[in-house]
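Below: one structure, written as structure tokens.
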Amino acid sequence: MHDAVSPEVAAAQYALRAPSVHNTQPWRWRIGHDRIELYADRNRHLAATDPDRRDLVISCGAALHHLAVALAATGRTVEITRMPDPEDSGHLATVHISPGPGDPEDAALFRAITRRRTDRRRLSHRPVPHSMIEALVAQAARLGAHLVPVTGDAMRRRLADTLARAAEEQAATPGYTAELHLWTGRYAGSGDGVSAASVAARPPGLLGPSALRSFPRSQLAQPIPPPGHGPSDDAAEFLVVTTTADTVEDRIRAGEATSAVLLAATALGLATTPLSQGVEIDATRHAIGTKVLHVPEQPQLVLRVGWPATNAGELPPTPRRALRSVLDPIRPRDTDHRSTR
Ligand SMILES: Cc1cc2nc3c(=O)[nH]c(=O)nc-3n(C[C@H](O)[C@H](O)[C@H](O)COP(=O)(O)O)c2cc1C
């Protein structure tokens, strides 16, 4: 942890490592002496890609859980109130902080924060053990969401078809391509966006559509399959984060669960890729629930999880905004409130 700053400021710094749609990091924090408030940054909303702000809120939920993990690792107890202010829909959560003990299951995920990356390359042909999938399902449940594994060839095919349909629809959505170019062609040092160094081109010889989002620029090398294996020989598992309802609070919880699942998978040595195209289009999101998974719950995000391919090199670190860009001063009424306690 950082020595020179308070644990709360250090936790906000670690929270910047959270995954976010197109690496927009659409959150802001207000740090008080016994609590931290989380706000959505609507200036960073992707209007064409994410019309109902699902990705934006899930990204904020992931940052919220990263913050809780960092606080747990310094022995702080946190209690989270989601959507605390009926007058302010952008105020997503208030984290109340008190001296320890920190939640041990969250604290155990701390070291994965700086190691986790989104891996967009072909994954290994080695299957993910069932016990690991069960551990990830338990992580999502702990954070108040469900993680539904996509099992069997027929279900996998239905998911692949649905994701391909979402990609086709988005390609024809006004503004989608412009947004993609904007967030993948950031100026050097911008601290956000998806750089070409983190994107691999479609593996040559892959049969059928790719489940991954297609980005305009790619510089990341695809690992060569080992002898006896082809490019389609990829044992990645697909898992869908779902929630019982679809309120903003459910989406925050989906983001927290996504963070826990990705960090736990990283700690197990697995590679992970969040895939949101299927949930960005109403019709395909509905189809993922009713026609792919056959569950009554609300699909929030698709996750790809698998072993990194043999000979896959380490992924480059992804850029982040400066901490000062995501911190807001405490408002005067907050200071008054604190002085009366
Ligand atoms: C809600 C959400 C949606 C995302 N959707 C996609 C996606 O469709 N395709 C993809 O390659 N990455 C997706 N990502 C991953 C982000 O692009 C990634 O987290 C970001 O670029 C930061 O990189 P990092 O995860 O390596 O730290 C998504 C992440 C979140 C939280």
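Just so you know, these numbers use all the heavy atoms, side chains as well, and skip hydrogens, waters and symmetry mates. When a ligand or atom number is given, it counts from 1 through the structure's own listing order.
The Ser59 neighbourhood of ligand 1 comprises atoms 1 (C), 31 (C), with distances under 4.0 Å to a heavy atom of that residue. Atoms of ligand 1 found under 4.0 Å from any heavy atom of Arg116 (numbered from 1 in listed order, with element): 24 (P), 25 (O), 27 (O). Within ligand 1, counting atoms from 1 as listed, the ones closer than 4.0 Å to a heavy atom of Arg320 are 22 (C), 24 (P), 27 (O).
Expressed to the nearest 0.5 Å, how far CG of Leu220 lies from OG of Ser198 amounts to 7.0 Å.
In this structure, atom 28 (C) of ligand 1 lies nearest to the protein heavy atom Pro274 CB, 3.7 Å. Regarding atom 4 (C) of ligand 1, its nearest protein heavy-atom neighbour is Ser276 OG, 3.4 Å.
Screening residues 268-279 for side-chain hydrogen bond (donor to acceptor under 3.5 Å, both in side chains), with sequence neighbours left out, gives Gln170-Gln277, Tyr176-Gln277, Arg213-Ser276, Thr273-Arg304, Ser276-Glu280.
Of all the heavy atoms of Ser20, the ones lying under 4.0 Å from any atom of ligand 1 belong exclusively to the backbone. Using a 4.0 Å cut-off between heavy atoms, Asn23 contacts ligand 1 through both its backbone and its side chain. Of the heavy atoms in Gln170, none comes closer than 4.0 Å to ligand 1.
Taking distance alone, with nitrogen or oxygen atoms compared against 3.5 Å, Arg213 approaches ligand 1 more closely than that limit. For a threshold of 3.5 Å applied to N or O pairs, the pair formed by Arg120 and ligand 1 contains at least one separation below that value. At under 3.5 Å, a nitrogen or oxygen of Thr318, whether backbone or side chain, sits near a nitrogen or oxygen of ligand 1.
Taking 4.0 Å as the cut-off, Ala62 does not count as a neighbour of ligand 1 on heavy-atom distance. The shortest heavy-atom distance from Leu212 to ligand 1 is not under 4.0 Å.
With respect to the salt-bridge test (charged N to carboxylate O, under 4.0 angstrom), the residues Glu79 and Arg35 do not qualify. Ionic pairing of Glu237 and Arg156 is present here: one or more N-O contacts between side-chain nitrogen and carboxylate oxygen are shorter than 4.0 angstrom. A salt bridge does not link Arg122 to Asp234: none of the charged nitrogens lies less than 4.0 Å from a carboxylate oxygen. With respect to the salt-bridge test (charged N to carboxylate O, under 4.0 angstrom), the residues Arg54 and Asp282 do not qualify.
Considering only residues two or more places apart in sequence or on other chains, Ser89 meets the side chain to side chain contact (heavy atoms under 4.5 Å, CB included) condition with Arg42.
Of the candidates Arg82, His66, His65, Arg82 is the only one forming a side-chain hydrogen bond (donor to acceptor under 3.5 Å, both in side chains) with Glu256. With Arg251 as reference, Asp52 is the one residue of Asp55, Asp50, Asp52 to meet the salt bridge (charged side-chain N to carboxylate O under 4.0 Å, His left out) rule.
Between the choices Thr118, Leu275, Val199, the shortest heavy-atom distance to atom 26 (O) of ligand 1 belongs to Thr118.
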